[in-house]
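Notes for the one structure printed next.
As the structure lists them, so they are numbered: ligands from 1, and atoms in each ligand from 1. Along the sequence shown, the residues carry numbers beginning at 1.
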Amino acid sequence: MSDNSITNVIRTVMVVFGTRPEAVKMCPLVLELQKHKEIDCQVCLTGQHREILRQVIEAFNIKEDYNLDIMKECQTLTTITTSVLEKMDPVLREAKPDIVLVHGDTTTSFAAALAAFYQQIPVGHVEAGLRTGNIYSPFPEEMNRLLTGRIATYHFAPTKRNEENLKRENVGGSIFVTGNTVIDAFKTTVKDDYLFSNLILQEMDYNKYRVIVVTAHRRENLGEPLENICRAVKNLTEKYDDIKVVYPVHPNPAVREMVYGILSNNTQVELLEPLDVLDMHNLIARSYMVMTDSGGLQEEAPAFGKPVLVMRTETERPEAVEAGTVKVVGVKKADIFKKADELLSDSEKYAQMAKSVNPYGDGCASEKICNILLKW
Ligand code: UD1
Ligand code: UDP
């Protein structure tokens, strides 16, 4: 808590997040901020996610100062936005932060930024400047990050390209290229001699099987695209008996119904509860490749030299596509199957993609952001 009379606190920095991917990328920054006694770091969870958010903050051993606890089953964009706005208001009045830091493109990020703006508290946007150029894809994330960027005074862009996007929009404020804090997270999560806490992953024979990590949850993929994804995966297991698909299923009921409907009772598919981030990162490190519609996995897997097939129609993360480790394959069953089939049958094609490139920084993004805040 901020009490300038006891310590030499000069800044109260409130870090707000509410979903799993934000947590993975904000926790390293919280750990860094906590190292400096000139900073009073306050953590406010919106609770847009519940169990899968808790998994991450526990892995990083972080305790929140506030939890708005807004999650409801089948929540809508409107209820998330209005609940965050309403519940942030008294928290901001009590904590009186000098700056509020939000992350990326979720509805938590946008609503928390707006809540801070309503109290004229400056906002710093971590992972700023990612764009597809299509406000309906990803939906609503592209609009969330545009609006958050407009509100923010400090933009922490992972790459030069993200900085250019912001400059092109004349977004105002100060832009800093820092790298992506997701790379920093590996310092906490990845270990060579890691023992999985999930028993299935612990007992998996990673030499006998080629392990394919699959995740899919995006709003625009619910329905037919997700069905195509599941059917393509099923077809792959019918063709290759040396693959094991590990699919930790997102808790969204709309996702679970479809995925379990098509892929349960398949001995080559492990449908798992959401993995804690330690298991997840170490699983990626031991996998053959990743098939996903997730944003975060597009940044993580390339750092381990694992090919990623992105089951979406476009990406806001073109850096790893240009480096050759990520391919955007769309959401049609035949296209997904074909590209995965190529990587499973053509060792040259696999080798071309399986090279370790990491366009997202040197693992010191949190330190850079923290130093900027200390100088400000
Ligand atoms: C949200 C973000 C998306 C991000 C994703 C990461 C928005 C609009 N979307 O989408 O950008 O990629 O998180 O996972 O901000 N649920 C639980 N327990 C949990 C979490 C979710 O039961 O711990 C269920 C609830 O029924 C909830 C539903 O999942 O209503 C959907 O959650 P929501 O945050 O609305 O959407 P996501 O698809 O998770
Ligand atoms: N993740 C995890 N457990 C899982 C699935 C994903 O820890 O079962 C991690 C993953 O490694 C990445 C983040 O969660 O760090 C991505 O979150 P998600 O896919 O929910 O969101 P997105 O990246 O699409 O916004």
**Request:** State if Glu141 counts as touching ligand 2 under the rule of any non-hydrogen atom under 4.0 Å.
**Result:**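 Outside the 4.0 Å threshold, so no.
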
**Asked** Does any N or O atom in Lys72 lie less than 3.5 angstrom from one in ligand 1, N or O only?
**Response**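 So ligand 1 has an N or O lying under 3.5 Å from an N or O of Lys72.
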
**Check: Asn144 N/O within less than 3.5 Å of ligand 1 N/O** =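 No - when backbone and side-chain N and O of Asn144 are compared with those of ligand 1, no distance drops under 3.5 Å.
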
**Request:** For ligand 1, note which part of Glu141 has a heavy atom under 4.0 Å away: side chain, backbone, both or neither.
**Result:**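 It is the side chain that touches ligand 1; the backbone stays farther off.
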
Taking distance alone, with N or O pairs closer than 3.5 Å, would you say [X] contacts ligand 2?
X: Met280; result: no
X: Ser294; result: yes
X: Val24; result: no
X: Arg218; result: yes
X: Ile284; result: no

Starting from [atom], what is the nearest protein heavy atom, named by residue and atom, and what distance separates them?
atom: atom 39 (O) of ligand 1; answer: His49 NE2, 2.7 Å
atom: atom 12 (C) of ligand 2; answer: Glu300 OE2, 3.2 Å
atom: atom 8 (C) of ligand 1; answer: Thr107 OG1, 3.1 Å
atom: atom 25 (O) of ligand 2; answer: Pro21 CG, 3.3 Å
atom: atom 23 (O) of ligand 2; answer: Gly296 N, 2.7 Å
atom: atom 8 (O) of ligand 2; answer: Leu275 N, 2.8 Å

Kindly assign one of parallel, tilted or perpendicular to the pair [X] and [Y], based on the angle between their ring planes and the thresholds 30° and 60°.
X: Phe176; Y: Phe156; result: parallel
X: Tyr288; Y: Tyr350; result: parallel
X: Tyr194; Y: Phe196; result: perpendicular

Test item, [X] contacting ligand 1 (heavy atom, 4.0 angstrom):
X: Ile80; result: yes
X: Leu77; result: yes
X: Arg54; result: no

By number and element, which atoms of ligand 1 are closer than 4.0 Å to a non-hydrogen atom of [X]?
X: Cys74; result: 26 (O), 30 (O)
X: Arg50; result: 19 (C), 23 (O)
X: Pro253; result: 26 (O)
X: Pro140; result: 8 (C)

Look at the side chain of [X] and the backbone N and O of [Y], then say whether any donor-acceptor pair between them is shorter than 3.5 Å.
X: Lys333; Y: Arg231; result: no
X: Glu367; Y: Cys364; result: no
X: Asp105; Y: Arg145; result: no

**Request:** State, yes or no, whether a side-chain contact exists between Lys208 and Asp242 at a heavy-atom distance under 4.5 Å.
**Result:**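 No - every pair of side-chain heavy atoms lies 4.5 Å or more apart.
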
**Message:** Can you check which of Lys25, His250, Arg20 brings a heavy atom nearest to atom 4 (C) of ligand 2?
**Reply:**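 Among Lys25, His250, Arg20, the closest heavy atom to atom 4 (C) of ligand 2 belongs to Arg20.
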
**Asked** So does Arg218 pair up with Glu141, basic N to acidic O under 4.0 Å?
**Response**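 Judged by the 4.0 Å cut-off on N to carboxylate O distance, Arg218 and Glu141 do form a salt bridge.
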
